[in-house]
Amino acid sequence: MTQPDDRLVLVDGSSYLYRAFHALPALTNANGEPTGALYGVVNMLHKLLAEEPEARFAVVFDAPGKTFRDELFEQYKAHRPPMPDELRAQREPLKAIIAALGVPVLEVPGVEADDVIGTLAARASGPVLISTTDKDMAQLVDEQVTLLNTMSGTRLDPEGVREKFGVPPELIRDYLALVGDTSDNIPGVPKVGPKTAAKWLNAYGSLDALREQADEIRGKVGESLRAHLDELPLSVDLVTIRCDLALEVAPEDLVRQSPDRETLGGLYQRYGMRRFLAELQAGDAAAAADGTGASLPPNAPEVAYEVVLDDHGLAAWMERLRNADAFSIDLETNSLNYMDAEIVGVSLAVEPGQAAYLPVAHCGPGAPDQLDRDRVLDALRPLLEAEQPEKMGQNLKYDMSVLARYGIELRGVAYDSMLESYVLDSTATRHDMDSLASKYLGVEVTSYEQLCGKGVRQVPFAEIDVERAGHYAAEDADIALRLHQLLYPRLQAESGLLRVFSQLEMPLLPVLSRMERHGVRVDCDLLERQSEELAGRMAEVEQRAHEEAGEAFNLGSPKQIQEIFFERMGLPVIQRTPKGQPSTAESVLEELSARGHELPRLILEHRGLSKLKSTYTDKLPQLIHRDTGRVHTSYHQAVAATGRLSSSDPNLQNIPVRTPEGRRIRKAFVASPGHRLITADYSQVELRIMAHLSGDEGLRRAFEQGEDIHRATAAEVFAADEVNDEQRRAAKAINFGLIYGMSAWGLGRQLGIPRDEAQTYIDRYFERYPGVRAFMDRAREQAREQGYVETVFGRRLHVPEIHSRNRQRREYAERTAINAPMQGTAADVIKRAMIDVDALLNERFPESRLVMQVHDELVLEVPEAQATAVGDEVRRLMEGSDRGMVSVPLEVELGVGDDWEQAH
DNA sequence: TAAGGAACGTAC
DNA sequence: GACGTACGTTCCTTAA
């Protein structure tokens, strides 16, 4: 495929789906899902795509929900029957197929597809073809805009409109207002049909002129016109297609991409579209046979990668960068750790296939003279530190952190292909560039391992031959750019996803970079003392255990424990692991210990101590950075499917807190001298979100009145005025269980009560909070219908297994569908809060810093004198970070201290 | 020797 | 089987 020409094809997806649904037989696929309309529209699209292979393209859908026309006129479309389920069920699959075909899909809330099409048509610079079955669109026709009904094959240019309606395009609005539309419930003038309307408009020239001369019209029609004169402006307003929307997408963005053959094949398969599947596979085979490669997309560019070694080349690339709206950047370094990495080279790309590599520190045998690192960085600095041009890349947090250590603050970080992929499908297991290149571009890039080797044979990047390294590095920048060009339009097609990407994930990226780089102070001596103490206690326990067992064994080996317990000592098997082995998990050991066995108790104690020592008190000191004396974690922004962050090296999100033993580790997380740590925790945030999502009045009231939620739940479930501690504990377990989609069995086990008793608690809970059950049913239903669930902010989580025939997998998907909107919305809320807090600190408290995030908690390090002021502001921002989208108040608890334990 | 799975345990 | 999301450690088997 060549570059798109300036033709633009806009398809009115909703109108076709509707027409196809009524025109075609009600087919279903093997699963009984309706497919008739789907087939019709896909067939139509195939034809259209074949007819217009070079044009820019978009398929536009009505967004569900009210539009401004409903505001204008409450009767608008009031008589229209609700969309049949069989039709609604075909919408999302259709959108998925179109997206997989590489065609942009647009859906803008609050307006109709017509308005989006009108606006895009008005902004187009070249010829526009609007494919629709809706006659109202005739008002958009002019010398540049043509209408096409692909189903009937009719094309309408201005002359065609005149022939068909008897009036020119510019009078179509007046015409429609006079005639009215029963299906949209637009009144019009009774007794006036197409012929009369056309006759009048031709005689008087316009509706306004006609209204002024209304007295002249004789007969019953004249009376009818005079009786409805006042309603006509409203009718005109209703039928007028808006051509001036503020859209986030422009005609030139609507570039067709190469199809995602894998996804497309899967969809064709699933919906029984054997003909399209066969065509797709035939296309693959043909491409493979003629040597162009099945996976090579038709728009794969010619690549021209350049290694820049001199001032002349640098100047030329600087010029290209300055003239670009956006460019792609990637650093090559000698370490994966952002705190240690030294820059070895810089790659840049401006257009697909055209990239440069600027080596600055290659030192292997035969390495050529290179530009000096500081000179290159100084030359790039003004561009890197400016908002414009925009920057794109893959995992830019890393590049941003490394550049910051060279004194360059990367600004204008607008697109990260890793995050684009994550927002599009957070359930994909990998978002690394090699996987994305293969999945979306059909390109197998050189891997780092292929270039540098691995294990003992690994060669530092700086010692790789500059030409080979240059191709690898330039390719990285190029691929990131091409991924962006492919993925970003897919985000633009879904306003919720675009919002999550551009208002949450991208702005969060620099915040995380700053947090990681600043790090958190850890008291190494304290941890070492704790390690010694733990070692001593472990040795004691170990010795007693060996005596008890009558032989020496490894207390850390579940296999050896299993042998001693269940084979030699004949203890009862309480539970089995998923692999069928007798389990030695904590709950089992507790049960055996409660039955009076000493050895299980000793093993439990040993496990607890060993966990603390190896994971925390031994490990954390090793991770203290030699230069900063602090620990610098990595937050991963594209890992957790629900939208949460994760943390590693070290994982700061699982530092113990529940037991006094474990909590001592938090004492080692300290503030710098003259500073304090502030903790700010969202209180019961997921339950509050559940109250919002379910709209359950009882639950909402409890939060609005600031009640102790577990106590309130206990009062309802146990019908008690006075709640005792045991009841509150049970209610707490119920509340947490609900968030995870728990079963009676699970609750029973948690509380140590029989299954049926747990079931009565759950039944009573749902009786008292009926909205919660309805919410859960809705979540499952939504997952089944659309294949995904959403957070309040519009983040999506796909749950394809909701249709699995395997009950276990299906039920797992159902629990995910229930949990993800709550966990994900909480993640959205705190991400927004982090962005707000970071902005506040940069602006007003530059000496205060965010240092940690633990899902519902932020930790800050603040100069002593500012602690109160910063704490108050942080609370205010956090409590407002839902932007009013959560209809239950959010509450934040603050703590201040010299260490993390004290601050709680 | 390295890689990877299983089992376990920490957090929210 | 049975309660969602992560990461890290240890043990231990398998592959090179």
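The sequence lines fix the lettering, A, B, ..., with proteins before strands; numbering per chain opens at 1.
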Participant: For A:Ile655, which contact category applies under a 4.0 Å heavy-atom criterion: base, sugar-phosphate, or nothing?
Facilitator: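 The residue A:Ile655 makes sugar-phosphate contact but no base contact.
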Participant: For C:dC7, does OP1 or OP2 lie under 4.0 Å from any side-chain N or O of A:Ser646?
Facilitator: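 For C:dC7, OP1 or OP2 has a side-chain N or O of A:Ser646 closer than 4.0 Å.
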Participant: Looking at A:Glu861 and A:Arg630, is any side-chain nitrogen of the basic one under 4.0 Å from a carboxylate oxygen of the acidic one?
Facilitator: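 Salt bridge flag = yes for A:Glu861 with A:Arg630.
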Participant: Can you tell me how far P of B:dC12 sits from CD of A:Glu686, to the nearest Å?
Facilitator: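 Rounded to whole Å, this separation is 12 Å.
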Participant: Roughly how far, to the nearest 0.5 Å, is CD of A:Glu811 from OG of A:Ser804?
Facilitator: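 A:Ser804 OG to A:Glu811 CD: 10.5 Å, rounded to 0.5 Å.
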Participant: Counting only side-chain heavy atoms from C-beta out, which of B:dG9, B:dA7, C:dT5 sits nearest to A:Pro558?
Facilitator: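 Out of B:dG9, B:dA7, C:dT5, the nucleotide with an atom closest to A:Pro558's side chain is B:dA7.
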Participant: Under 4.0 Å: is that the gap between some side-chain N or O of A:Ser557 and OP1 or OP2 of C:dC12?
Facilitator: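 Indeed, a polar side-chain atom of A:Ser557 lies that close.
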Participant: What is the distance from CD of A:Glu661 to P of B:dG9, rounded to the nearest Å?
Facilitator: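 Atom-to-atom, A:Glu661 to B:dG9, this comes out as 15 Å.
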Participant: Examine the side chains of A:Ser683 and A:Glu891 and answer whether a donor and an acceptor come within less than 3.5 Å of each other.
Facilitator: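 Side-chain D/A pair, A:Ser683 to A:Glu891: absent.
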Participant: Can you check whether A:Tyr635 has a side-chain N or O nearer than 4.0 Å to OP1 or OP2 of C:dC7?
Facilitator: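 No, because none of the side-chain N or O atoms of A:Tyr635 sits under 4.0 Å from OP1 or OP2 of C:dC7.
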Participant: Between A:Tyr448 and A:Phe461, what is the ring plane arrangement, given parallel below 30°, perpendicular above 60°, and tilted in between?
Facilitator: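 It falls in the parallel class, under 30°.
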Participant: Under 4.0 Å between any heavy atoms, over every strand shown, what does A:Arg807 touch: base, sugar-phosphate, or nothing? Just pick one.
Facilitator: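 Base, at least one base heavy atom under 4.0 Å.
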Participant: From CD1 of A:Ile734 over to C1' of C:dG4, roughly how many Å is that when rounded to an integer?
Facilitator: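 That distance rounds to 18 Å.
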Participant: For A:Leu620 and B:dT10, what is the distance between atoms CG and P respectively, to the nearest whole Å?
Facilitator: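 Taking atom P of B:dT10 as the reference, CG of A:Leu620 is at 15 Å.
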Participant: A:Asp856 has a side chain; which of C:dC7, B:dC12, C:dT5 sits nearest to it?
Facilitator: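 Between C:dC7, B:dC12, C:dT5, the one nearest the side chain of A:Asp856 would be B:dC12.
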Participant: Would you say B:dA11 has OP1 or OP2 under 4.0 Å from some side-chain N or O of A:Arg658?
Facilitator: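 For B:dA11, OP1 or OP2 has a side-chain N or O of A:Arg658 closer than 4.0 Å.
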Participant: Do we see a donor-acceptor contact under 3.5 Å between the side chains of A:Ser647 and A:His636?
Facilitator: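 On atom types as modelled, these side chains do not qualify, holding no pair under 3.5 Å.
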Participant: Please measure how far the C1' atom in B:dG5 lies from the corresponding atom in C:dA2, and state the result in whole Å.
Facilitator: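 Here B:dG5 and C:dA2 have their C1' atoms 23 Å from each other.
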Participant: Below the 4.0 Å mark, does C:dT13 have OP1 or OP2 next to a side-chain nitrogen or oxygen of A:Lys559?
Facilitator: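 Affirmative; the distance criterion is met.
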Participant: Whole angstrom is fine here: how far is it from CD1 in A:Ile574 over to C1' in C:dA2?
Facilitator: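 Rounded to the whole Å, the gap is 17 Å.
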Participant: If you check every side-chain atom of A:Pro656, which of C:dT5, B:dC12, B:dT10 has the closest atom?
Facilitator: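 The nucleotide sitting nearest to the side chain is B:dT10.
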Participant: Give A:Gly556 one of three labels, base, sugar-phosphate or nothing, depending on what nucleic acid heavy atoms sit under 4.0 Å from its own.
Facilitator: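 Since only primed, P, OP1 and OP2 atoms lie under 4.0 Å of A:Gly556, the category is sugar-phosphate.
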Participant: Return the value, rounded to whole Å, for the distance between atom CD of A:Gln637 and atom C1' of C:dA6.
Facilitator: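 After rounding, the reported distance stands at 15 Å.
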Participant: OP1 or OP2 of C:dT9 versus the side-chain N and O atoms of A:Lys619: is any pair under 4.0 Å?
Facilitator: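 The answer is yes; a side-chain N or O of A:Lys619 sits under 4.0 Å from OP1 or OP2.
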Participant: In whole angstrom, what separates A:Ile561's CD1 from B:dG9's C1'?
Facilitator: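 After rounding, the gap between these two atoms is 13 Å.
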Participant: When you get a sec, tell me which of C:dG1, C:dC11, C:dA6 is the closest nucleotide to the side chain of A:Asn554?
Facilitator: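 When the side chain of A:Asn554 is considered, C:dC11 is the closest of C:dG1, C:dC11, C:dA6.
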Participant: Below the 4.0 Å mark, does B:dT10 have OP1 or OP2 next to a side-chain nitrogen or oxygen of A:Asn651?
Facilitator: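 Answer no for this pair, as no side-chain N or O of A:Asn651 is under 4.0 Å from OP1 or OP2.
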Participant: Measuring to OP1 and OP2 of B:dC8, would you say a side-chain N or O of A:Ser583 lies under 4.0 angstrom away?
Facilitator: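 A:Ser583 to B:dC8 OP1/OP2: side-chain N or O found under 4.0 Å.
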Participant: C:dT9, B:dA11, C:dG4: which one has an atom nearest the side-chain heavy atoms of A:Ser614?
Facilitator: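 For the A:Ser614 side chain, the nearest candidate turns out to be C:dT9.
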Participant: Contact class for A:Gln750 vs. all strands (heavy atom < 4.0 Å): base, sugar-phosphate, or nothing?
Facilitator: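 Base, at least one base atom sits under 4.0 Å.
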Participant: Go through C:dA6, C:dC7, B:dG9 for me and flag the one nearest to the A:His636 side chain.
Facilitator: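 Closest nucleotide among those given: C:dC7.
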Participant: Report which part of the nucleic acid A:Ala641 touches: base, sugar-phosphate, or nothing (heavy-atom distance under 4.0 Å, all strands).
Facilitator: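 Counting heavy atoms under 4.0 Å across all strands, the contact made by A:Ala641 is with sugar-phosphate only.
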Participant: Return the pairing partner of C:dA2 with a 3.5 Å limit on both distances, Watson-Crick or G-U wobble; otherwise return none.
Facilitator: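 Checking every strand shown, C:dA2 finds no partner, since no pair has both distances under 3.5 Å.
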Participant: Look at the side-chain N and O atoms of A:Arg644 and state whether any lies under 4.0 Å from the OP1 or OP2 oxygen of C:dA6.
Facilitator: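 No, no such contact exists.
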Participant: Could you tell me how far apart A:Leu612 (CG) and C:dT9 (P) are, to the nearest whole angstrom?
Facilitator: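 My rounded result for the distance is 13 Å.
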Participant: Once you apply a heavy-atom cut-off of 4.0 Å, does A:Ser610 come out as touching a base, just sugar-phosphate, or nothing?
Facilitator: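 Touches nothing.
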Participant: On DNA chain C, check which nucleotide each of A:Gln808 and A:Tyr812 is closest to and give me the residue with the more 5' one.
Facilitator: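 The residue mapped nearer the 5' terminus is A:Gln808.
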Participant: Could you check whether A:Arg755 makes a cation-pi contact with A:Trp745, meaning its NZ or CZ is under 6.0 Å from the centre of the six-membered ring and within 45° of the ring axis?
Facilitator: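 Geometry flag: not set, cation outside 6.0 Å or 45°.
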Participant: Any idea which of C:dC7, B:dA11, C:dT5 is nearest the A:Arg666 side chain?
Facilitator: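 Looking only at side-chain atoms, A:Arg666 lies closest to B:dA11.
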Participant: With heavy atoms under 4.0 Å as the rule, sort A:Tyr616 into base, sugar-phosphate or nothing.
Facilitator: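 Sugar-phosphate, no base atom in range.
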Participant: Cut-off 3.5 Å, side chains only: do A:Thr617 and A:Ser531 have a donor facing an acceptor?
Facilitator: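 Checked: A:Thr617/A:Ser531 side chains pair up, N/O donor to acceptor below 3.5 Å.
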Participant: Does a donor on one side chain sit under 3.5 Å from an acceptor on the other, for A:Asp649 and A:Ser634?
Facilitator: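 There is no such pair (donor and acceptor under 3.5 Å, judged by atom type) between the side chains of A:Asp649 and A:Ser634.
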Participant: For A:Gln823, report the nucleic acid contact type (base, sugar-phosphate, nothing); a contact means any heavy atom under 4.0 Å.
Facilitator: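 Contact class for A:Gln823: base.
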